Chemist: 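Mind looking over this structure? Questions follow.
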Protein chains: 6
Amino acid sequence: MRIGIVNPNTTESMTDEMVQAARAVADSDTELVGVTAEHGPATIEGYIEDLEGASAVVDMARNLSSDIDALVIGCFGDTGILAARELLDVPVVGAAEASFMAALTVGHRFSVLTTLDSGVPLLEDLVDAYGHTGRCASVRATGVSVAAGHGDREATRTAYLDAGRKALSDDGADVLCLGCAALPDIRDDLEDELGAPVIDAVPSAVVLAEAVVRLGLRTSKIRAFKGHTPSPTVGGPS
Amino acid sequence: MRIGIVNPNTTESMTDEMVQAARAVADSDTELVGVTAEHGPATIEGYIEDLEGASAVVDMARNLSSDIDALVIGCFGDTGILAARELLDVPVVGAAEASFMAALTVGHRFSVLTTLDSGVPLLEDLVDAYGHTGRCASVRATGVSVAAGHGDREATRTAYLDAGRKALSDDGADVLCLGCAALPDIRDDLEDELGAPVIDAVPSAVVLAEAVVRLGLRTSKIRAFKGHTPSPTVGGPS
Amino acid sequence: MRIGIVNPNTTESMTDEMVQAARAVADSDTELVGVTAEHGPATIEGYIEDLEGASAVVDMARNLSSDIDALVIGCFGDTGILAARELLDVPVVGAAEASFMAALTVGHRFSVLTTLDSGVPLLEDLVDAYGHTGRCASVRATGVSVAAGHGDREATRTAYLDAGRKALSDDGADVLCLGCAALPDIRDDLEDELGAPVIDAVPSAVVLAEAVVRLGLRTSKIRAFKGHTPSPTVGGPS
Amino acid sequence: MRIGIVNPNTTESMTDEMVQAARAVADSDTELVGVTAEHGPATIEGYIEDLEGASAVVDMARNLSSDIDALVIGCFGDTGILAARELLDVPVVGAAEASFMAALTVGHRFSVLTTLDSGVPLLEDLVDAYGHTGRCASVRATGVSVAAGHGDREATRTAYLDAGRKALSDDGADVLCLGCAALPDIRDDLEDELGAPVIDAVPSAVVLAEAVVRLGLRTSKIRAFKGHTPSPTVGGPS
Amino acid sequence: MRIGIVNPNTTESMTDEMVQAARAVADSDTELVGVTAEHGPATIEGYIEDLEGASAVVDMARNLSSDIDALVIGCFGDTGILAARELLDVPVVGAAEASFMAALTVGHRFSVLTTLDSGVPLLEDLVDAYGHTGRCASVRATGVSVAAGHGDREATRTAYLDAGRKALSDDGADVLCLGCAALPDIRDDLEDELGAPVIDAVPSAVVLAEAVVRLGLRTSKIRAFKGHTPSPTVGGPS
Amino acid sequence: MRIGIVNPNTTESMTDEMVQAARAVADSDTELVGVTAEHGPATIEGYIEDLEGASAVVDMARNLSSDIDALVIGCFGDTGILAARELLDVPVVGAAEASFMAALTVGHRFSVLTTLDSGVPLLEDLVDAYGHTGRCASVRATGVSVAAGHGDREATRTAYLDAGRKALSDDGADVLCLGCAALPDIRDDLEDELGAPVIDAVPSAVVLAEAVVRLGLRTSKIRAFKGHTPSPTVGGPS
């Protein structure tokens, strides 16, 4: 089976890290096709960048569509997931969506550890939209931006440890989701030090996508994701 | 005061209709600046078109930003509203958001009358995201696409009357929202025939935007709409 | 257009302050008619006083009904709003309701700053009833009663600043609502010092009422606010 | 023990019926003190009448306060219940509140059968406010006004049977609440014919009040129902 | 009337304490039949023990069924309550369910004080399932296990006082529920020291059961609790 | 990897069917260990049978614990799932839980098709407890009991087709979950005839369990599923 992993930002090294982390858990027969956005922002940390990333997701999904068995959105905002479901017949799985599902099979209440305080509302809204309001203990910002997180790994590690510890002791969480798509080595550290399961987003999405493909499922075209004969389009590349 | 009305689709005649309908209710001192998307779909009736429209909204908002006192999203999906809030300091008001607010000042439970069945989930999710789940009686599809609605006005009128009647008698609504941004003449007919208030979306957003401007309010830059130094962007126009 | 502003308590100076604050933002063509309750409590800070105020609202609304285009409830509890909607054909807008709506067009999550701790539950219930549970960061008491608030303005200002600061930093709010109908000068101070939009209640309700009147809307008489041939009434003035 | 039953409307025959129905189930040592509103409407079927009734409830509660061990609100809208709790130290139990509690001890989802369609929203809001949204199958209007219900008992009985049957078969209810305070003889008929438990409101409230009194509980004066030194009051009897 | 109180754990002294506490508030004509589980754990502080207790509840309910007018589940987890309702025609009342109902008649928001932190999620889920999410201020662990609670009464008392004080001052509660079925003497101390009503679970359930029996209600057999001709059973005693 | 599939009822042929259906989708390297309850009911269609099945699940889980990498609850009620999570360190996945997760990756709103009307409330409560209230279009009974479903396959097929068709056309579903653990051949028929994805429960749980095992996750022992030194147990086999 072939699973496309689309990274909505234009930072290729992050795509590589995602694919590598997913490779470590995917079935050996699964081929992982990492694709990096050709246009848009270097990281996605706001609503505008999210839109730009979503536009890139649609483009990447269109290119991949004939070749893949499932698509994974490689970004914790599940950027462009509904549009991708409308576009494709194969299943589409989001990194956040899959993280929450994995978290709820091994814990009772999860917390999300994310980057900046300004990104918390977007994730809180995502948690609500997925129906997990009652099972989410908190969304905690570490104060580490995506770029910084890839710069100083030790400071990042400390910030995530600190936020994770508070989520477990103060917020009532018993499982943690890493709300950033590329922190593979931090996951193991957190799990070891905190003694709670820690969910890495893209790997979760990949194994969930494998599961859905094995079930023979395809995206429903009955109503929400039906699509329609596209309206004539004017102008630019989108 | 100058209010920008951005139409996320590329159909200029719809922009004209919106501005005309809004003109009829706006303060005489308010200048309305209608802008039509330069790229994207002719109508927005799905998630991909919604994304394309949102991208156009950001572009239009960026062009308008130094010249306006408020921005109105001229589309019932409130396409791109959060990105526009992140971008702008002036208030941003959505057509659906304003319709729901107006509806709830004159009725107890509203129904939305929209185009096709496949568009219902997107609007139901919007209602939920705005917190109106408990005050929304139903989202009803009329079966009339945007294009068709502008073609055969009589059939459109009949379909909306029929859906509106059912919303009032079967679903428990006492006020109706027209979930399509350009049906001005139908509003009066429905109100006359059904005896219930009927909300036209863009005019509602324009008068609400006027209200918020008069209050001297600006979009909060404290957290969700803070924005940040944009990441370096790669490639195309978006 | 003529908008009635009914103050459910008997303190005429508060009515004057409300009208003055609203005057500063209303359209110059709008006539504002402030009316003070002729019977009932000097301030409304509990359920019994709320009922007494609501009874006064009905009386004032009945007197005003033939002369106004919209009614504004000049009290953050939206005292008597449903009864006024049942009574009148013109739109009725509540000060809290309008504050929440204004807040949600310029922020993502609001906090309410109110007087005493004992009044918090009533406002929390109001927030819930309006469907804003998920968008309300907190209702915070300042510890300053209505009477005290009009006495020592400096202490009041400090208490509101302190509560507002905590709402923004600890509770996740990015916009503040002043949960007391007569604190106009404090609004500007808070906005300046805290850097977040601050909503003054009665002015918000007046501009929202103007907006709804411009839309030509009238209160729905289909179901909840239908009224009926009144039952024979026995005894007293009510 | 002495329990006051306050009827917020001025129809003394309804008070008599309530007391009689409650007498049949109350402990033989419990004294029931029925009080009829001295001012206000003959029946309560709208928001204004509800307010007038609430005002009467406060007056009656004030008169009774030194003599009773608990107060029962004898009206399915739980008219004035929060004000009465603020006023009194003894427990206050509402007829609707108690009906829902009784219903949920013997069934899984309840429906409310009430009078006119226009009264449904008020009861739906009450169900929501009490947190029973998920356990309430429906609020169904019988089309029989309070006055009519006391006129033609046979037509009333038929209308309630019909509504109850639909609630059980179409809405998923397995227990019914009579949403009108004075239909004692109909309760037994419905239970016999429909084979489901049927809850009569005032008797439920009386036995629940007995229970709370036996537990030695008093209304909490910690926060919501604290009251405060009343503001000076101006004018009329309220 | 005869009310069975089933203690799902095997500790007979706890049954005796429950019956004694209930005896103090029950009608003098009510006969209380305390029954202790013949198999299962000494205390119930986890999901497995809850299941074992539920199995014992079914056995005890089956034995009692021909002799009682109502059944009370003598454990704050309401262990086995739905199964008991399916089994019996008489009403079944849970200790937690009744506590919440009593709490909501005398306060606006309740907190639950329970034993260990690990038991909090089960109670939070129970609160949610009963629809009281919005009226529950907190579930607080005292850190005192059931066994310890019956050992050192003074330390237990201090721990409950401390947790109760925080619930009232920090969490917004105005009434407290004791989330453990056998702490009768602590209830009075808490109420005296904290000045808020404190609900003792089993006594609440007994007086509520008395109330429901007086109303002549029986468990609905229409849908959820219908039962069916049992499937053939294989093996052991269950 | 070894996955245990515990069938909480005593019908071995159903276990065989589950394992066979799961075998068709599981990884070829995964060993599936089907275990049938040694005591308890032949089918689980009520609360008492659910309890008995849960007790059997704990026994089976205890026996399997040292030998498996994950446990699947082979019953749509997710019988005993929380107790199994408390007991085991390896992940535990429920058939209903996994069905809902799979459904939400390929559709927007799901309906559950189940056996008898009396079983609908238990499943509605499960949907609510998992947070999917807003994404569940309906739970529909087919009227076919488990036993009947395994008897006359043609009548069963017709009943499921009919219920599925109504769920898609009347209730707004775009994906269906088979709420009974052993209807493998019906799944394909429904999918072909209705054109919507149809989720088979146990296979979904098995592939989700594989996914979670690949992620290296273990059940969190931080709070809800911590367990504790068991209390001394008295009596029988449970």
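By convention in this document, chain letters (A, B, ...) are assigned in the order of the sequence lines, proteins followed by strands, and residues within each chain are numbered from 1. What you see is a predicted model, and the numbers here were worked out from it, not measured in a lab.
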Chemist: Give a yes or no on whether the backbone of A/L168 and the side-chain of F/R223 come within a donor-acceptor separation of less than 3.5 Å.
Modeler: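 Side chain of F/R223 to backbone of A/L168, a donor-acceptor pair under 3.5 Å: yes, one is there.
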Chemist: How long is the gap from CD1 on F/I199 to CG on A/L215, to the nearest 0.5 Å?
Modeler: 7.0 Å
Chemist: Thinking salt bridges, do A/D27 and F/R214 make one under a 4.0 Å N-O criterion?
Modeler: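 Result for this pair is yes, salt bridge flagged.
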Chemist: Which bit of F/L194 comes within less than 4.5 Å of chain A, counting heavy atoms only: side chain, backbone, both or neither?
Modeler: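 For F/L194, the contact with chain A is made by the backbone alone.
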Chemist: NE2 of F/H108 to NZ of A/K226: how many Å apart, nearest 0.5 Å?
Modeler: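 So the gap between those two atoms works out to 15.5 Å.
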Chemist: So which residue, A/A196, A/A224, A/P197, ends up with the most heavy-atom pairs under 4.5 Å with chain F?
Modeler: A/P197
Chemist: Return yes if some donor-acceptor pair links the side-chain N/O of A/R85 with the main-chain N/O of F/T105 below 3.5 Å, else return no.
Modeler: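 Yes, A/R85 side chain to F/T105 backbone: donor-acceptor pair under 3.5 Å.
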Chemist: Residues two or more places apart in sequence or in another chain: which of them pass side chain to side chain donor-acceptor pair (under 3.5 Å) with F/D170?
Modeler: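 Counting only residues at least two positions away or on another chain, F/D170 forms no side chain to side chain donor-acceptor pair (under 3.5 Å).
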Chemist: For chain A, which of F/V175, F/V93, F/L104 has the most heavy-atom pairs under 4.5 Å?
Modeler: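 The candidate making the most pairs under 4.5 Å is F/L104.
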Chemist: What I'd like to find out is whether the side chain of F/K221 reaches to under 4.5 Å of the side chain of A/D174, using heavy atoms alone.
Modeler: no
Chemist: Give the member of F/G172, F/A98, F/G94 that has the highest number of heavy-atom pairs under 4.5 Å with chain A.
Modeler: F/G172
Chemist: Which bit of A/A129 is near chain F, if near means a heavy-atom gap under 4.5 Å: side chain, backbone, both or neither?
Modeler: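 A/A129 touches chain F through backbone heavy atoms alone.
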Chemist: Tell me, side chain or backbone of F/A209 under 4.5 Å from chain A's heavy atoms, or both, or neither?
Modeler: neither
Chemist: Do the non-hydrogen side-chain atoms of F/L208 and A/M101 ever get within less than 4.5 Å of each other?
Modeler: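 No; the side chains remain at least 4.5 Å from each other.
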Chemist: Quick check on F/V90 against chain A: is it the side chain, the backbone, both or neither that has a heavy atom closer than 4.5 Å?
Modeler: neither
Chemist: If you apply the rule side chain to side chain contact (heavy atoms under 4.5 Å, CB included), what do you find for A/I222 with F/R109, and how did you get there?
Modeler: CA-CA 11 Å; A/I222 290 280; F/R109 257 178 241 281; over 6 Å; no
Chemist: What part of A/A24 gets closer than 4.5 Å to chain F, counting heavy atoms only: side chain, backbone, both or neither?
Modeler: neither
Chemist: Does any heavy atom of chain F fall under 4.5 Å from the side chain of A/V213, the backbone, both, or neither of them?
Modeler: neither
